[in-house]
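Okay, structure first, notes after.
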Amino acid sequence: MRLPIALPLCATVALLGGCATSNNEQAGATTSIELSFLGRYESGIFDSSAAEIVAYDAKTQKTFVINANSGKVDVLSMSNPAAPYKIKTLDVSADVAALTGLSLGAANSVSVHSGIMAAAIEAKPKQDMGYIAFYNINDHTFITAVKVGALPDMVTFSHDGKQVIVANEGEPNDEYTVDPEGSVSIITLPNDITTLTQSDVTQVTFRDFNNGGSRASERPDGLRIFGPNASVAQDLEPEYVTVSKDNRYAFVSLQENNGIAKIDLMKKSVSTIWALGTKDYNQTGNELDVSDKDKTIQLKNWPVLGLYQPDTIASYTVSGKTYLVTANEGDSRDYKGFSEEYRVKELADELNSRLALTSPLKHEIEGKLDDSKNLGRMKFTSTLGAQDCKLTKGAPSNCTYTQLYGYGARSFSIWSGDTGEQVFDSGSDFERITATALGDKGFNASNDSNKTDARSDDKGPEPEALTVGQIDGRTYAFIGLERVGGIMVYDITAPQKSQFIQYLTSRDFDAEVDTSAAGDLGPEGMAFVSKEDSPSGQALLIVGNEVSGTTSVYSISPSK
């Protein structure tokens, strides 16, 4: 097990070629709290998503864990957070099937509030409408279920418990012949949940933003709409939801589309959509490693833009203003019937495209940019940056690429909940910090292999899981790195001046990845537990790790 690692933002090591800072020019880290590994529950199932999204109930001291491998929800006792154990498994799909007569798929998400658990369940096939199932937390009994949109991928309660909000991703099938609309479901809960009916569900769609729709002119420039023959409503894929403190708005990440939708929970309609823009990797402070074949850690500026494409999104309030926190994982569409994903070298060699990478792009890279040791291995989208070409099923032909757009930003960001403007980005922090902490032992390794540098050509450390919590009047963000593993901790009390606190990983790169000794691999979902709600009286972080199939618990204490 690795000891906690806390590094200053400007830690310099020779192999990094110098020190870069985040875009807020911060000088170093604060040390107000410390994350420490406490304990874990092991499902014993490797690389099958046996632990994903987690939700904690303070009254019963239980954690509910999405076990996508079984398609069920595992219930863990947290009465002793150093030694969590399973007390029950809820077959949510079977319970809803018994009610509806339908064969359903796996559970995708779980949330709890005031004695009620809600679980999101996809259909079979997942392009059909899914369901939200409700359970009594105390005795685990099934209460009822209602139909929502296609592929409900995330579910959450409003803070007052009066509404349940669902992000229905609406992914296409692999042939891309069936592409359901993405949507957001708002479930208004009656005082007696046993009386819940389908009439309590409002389906918020994006049809008004379609071409010719009443709000088509409101679509922001830069919002990615690119699926073959897809309307805007079909193309938008809601991924994750967070609710403002006053329960007025839900903010929904549109990952593939590189945007965020703001939903008015009172009017039950789309308030606005924001396009998140791009990250310039040619700017100081945004260095990255783009090759898995260079046999070294090479953090440099490159003539590439990154699409933020957030997965998890959270929110908090400062002086009455709402801020959004995003884990900028990135994601491509890579289906049998349509793929946007290519490597620079593939386009240069196999498709005989005219790669205009020397002009107008400015760079000072030795050798050809399409070499595997340079940008040749980097994955980018064929849907942006091309001129004078035809796209056949997404495949470019005889194109001139004047700009390259990669997936994700290898960072977390903070955005204004009023305007969608970015107020902070962690820049190159994640790769610099993990390079210093891990070196050639595990830098940019994947979550199912110990091979170092393996993910540099993809999305690097791939931040995915995220949650925020308040401790002693300060607000902290906890970000899980899906590939290399570990947790990043930042003090985000002052959004524009957010400070790195600590990087901690329980992963052991000397152990075989499919063994218990490897520790926690692939953090997918997180839950923050305040000290007031904690069974130990100490704030906790609970993490579901999809590759190791473990649910890990970390204590949070004032730093020494």
Side-chain angles (χ1 to χ4, degrees), residues 1-6 30-43 51-67 73-88 110-117 137-140 157 159 314 316 465-480 485-493 501-507 516 519-520 523-545 548-560:
M1 183 185 304
R2 291 187 173 274
L3 295 175
I5 300 168
T30 58
T31 55
S32 53
I33 62 169
E34 183 175 54
L35 200 65
S36 301
F37 178 82
L38 193 58
R40 69 167 63 92
Y41 165 75
E42 299 185 29
S43 68
E52 290 192 342
I53 305 303
V54 295
Y56 173 77
D57 179 65
K59 186 174 182 180
T60 60
Q61 298 179 352
K62 297 173 184 175
T63 293
F64 297 83
V65 183
I66 291 295
N67 185 331
V73 176
D74 291 334
V75 185
L76 308 183
S77 170
M78 288 286 167
S79 56
N80 177 7
Y85 62 92
K86 185 168 72 171
I87 56 178
K88 193 175 182 64
V110 64
S111 186
V112 298
H113 191 282
S114 298
I116 302 297
M117 184 200 82
I137 285 177
N138 293 311
D139 59 13
H140 311 124
F157 285 85
H159 301 290
Y316 69 113
L466 181 147
T467 192
V468 300
Q470 288 193 331
I471 302 172
D472 297 331
R474 302 193 69 81
T475 303
Y476 297 90
F478 305 89
I479 307 103
I487 313 297
M488 291 283 177
V489 186
Y490 278 73
D491 185 333
I492 61 171
T493 307
I501 300 293
Q502 182 186 12
Y503 169 61
L504 177 82
T505 181
S506 61
R507 180 174 181 175
S516 176
D520 301 307
E524 178 79 9
M526 292 180 175
F528 172 80
V529 181
S530 69
K531 60 184 179 182
E532 292 79 12
D533 291 336
S534 171
S536 65
Q538 189 174 43
L540 303 174
L541 182 70
I542 304 173
V543 183
N545 304 283
S548 57
T550 56
T551 302
S552 49
V553 185
Y554 297 83
S555 64
I556 309 170
S557 59
S559 60
K560 299 176 182 178

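Because only heavy atoms are used, hydrogens play no part in the values below, and waters and symmetry mates are left out as well, while side chains stay in.
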Check: Ser555/Ser557 side-chain N/O donor and acceptor closer than 3.5 Å: no
From Leu38 atom CG to Met78 atom CE, the distance as rounded to the nearest 0.5 Å: 9.5 Å
Working for side chain to side chain contact (heavy atoms under 4.5 Å, CB included), residues Val73 and Met117: CA-CA 10 Å; Val73 176; Met117 184 200 82; 4.2 Å; yes
Geometric class of the Phe528/Phe478 ring pair [parallel <30°, tilted 30-60°, perpendicular >60°]: parallel
Heavy-atom pair with the smallest gap, counting every atom of Ala55 and Ser111: CB-CA, 4.1 Å
Nearest heavy atoms of Leu540 and Pro535, plus distance in Å: CD1-CD, 4.1 Å
Heavy-atom side-chain contact between Ile471 and Ser32 under 4.5 Å: no
Pairwise side-chain contact, Pro84 with Thr63, heavy-atom cut-off 4.5 Å (strictly under): no
Closest non-hydrogen atom pair between Ala465 and Met526, with its separation: CB-CG, 3.9 Å
Atom pair CD1/CD of Ile66 and Glu524 - distance to nearest 0.5 Å: 11.0 Å
Step-by-step side chain to side chain contact (heavy atoms under 4.5 Å, CB included) determination, Val543 to Asp520: CA-CA 9 Å; Val543 183; Asp520 301 307; over 6 Å; no
Separation of Ile479 CD1 from Met488 CE (nearest 0.5 Å): 8.0 Å
Check: Leu541 and Thr467 side chains under 4.5 Å, non-hydrogen atoms: yes
CG on Leu76 to OG1 on Thr551, rounded to 0.5 Å: 5.0 Å
Pro523 to Gly485 - nearest heavy-atom pair and separation: CD-CA, 4.2 Å
Donor-acceptor contact below 3.5 Å, side chain Thr550 vs main chain Tyr41: no
Contact summary for Val75 and His140, nearest pair of heavy atoms: CG1-NE2, 3.8 Å
Value rounded to 0.5 Å, distance of CD in Gln470 from OG1 in Thr493: 8.0 Å
Sequence-distant partners of His113, ring-ring contact (aromatic ring centres under 6.0 Å, His included), two or more places apart: Phe157
Check: Arg40 and Ser506 side chains under 4.5 Å, non-hydrogen atoms: yes
Polar side chain donor-acceptor pair, Ser77 to Ser79, under 3.5 angstrom: yes
Under 3.5 Å side-chain donor-acceptor pair for Asn545 and Ser548: no
Backbone of Gly549 reached by a side-chain donor or acceptor of Ser43 within 3.5 Å: yes
Gln502 side chain vs Leu35 backbone, donor-acceptor pair below 3.5 Å: yes
Under 3.5 Å: donor-acceptor pair, side chain of Lys88, backbone of Asp139: no
Lys531 side, atom NZ; Ser536 side, atom OG - distance, nearest 0.5 Å: 11.5 Å
Minimum-distance pair of heavy atoms, taken over all atoms of Phe37 and Ser552: CE1-CB, 4.1 Å
Expected output: side-chain Tyr316 to main-chain Ile492 donor-acceptor under 3.5 Å: yes
Tyr476 (side chain) donor-acceptor with Ile33 (main chain) under 3.5 angstrom: no
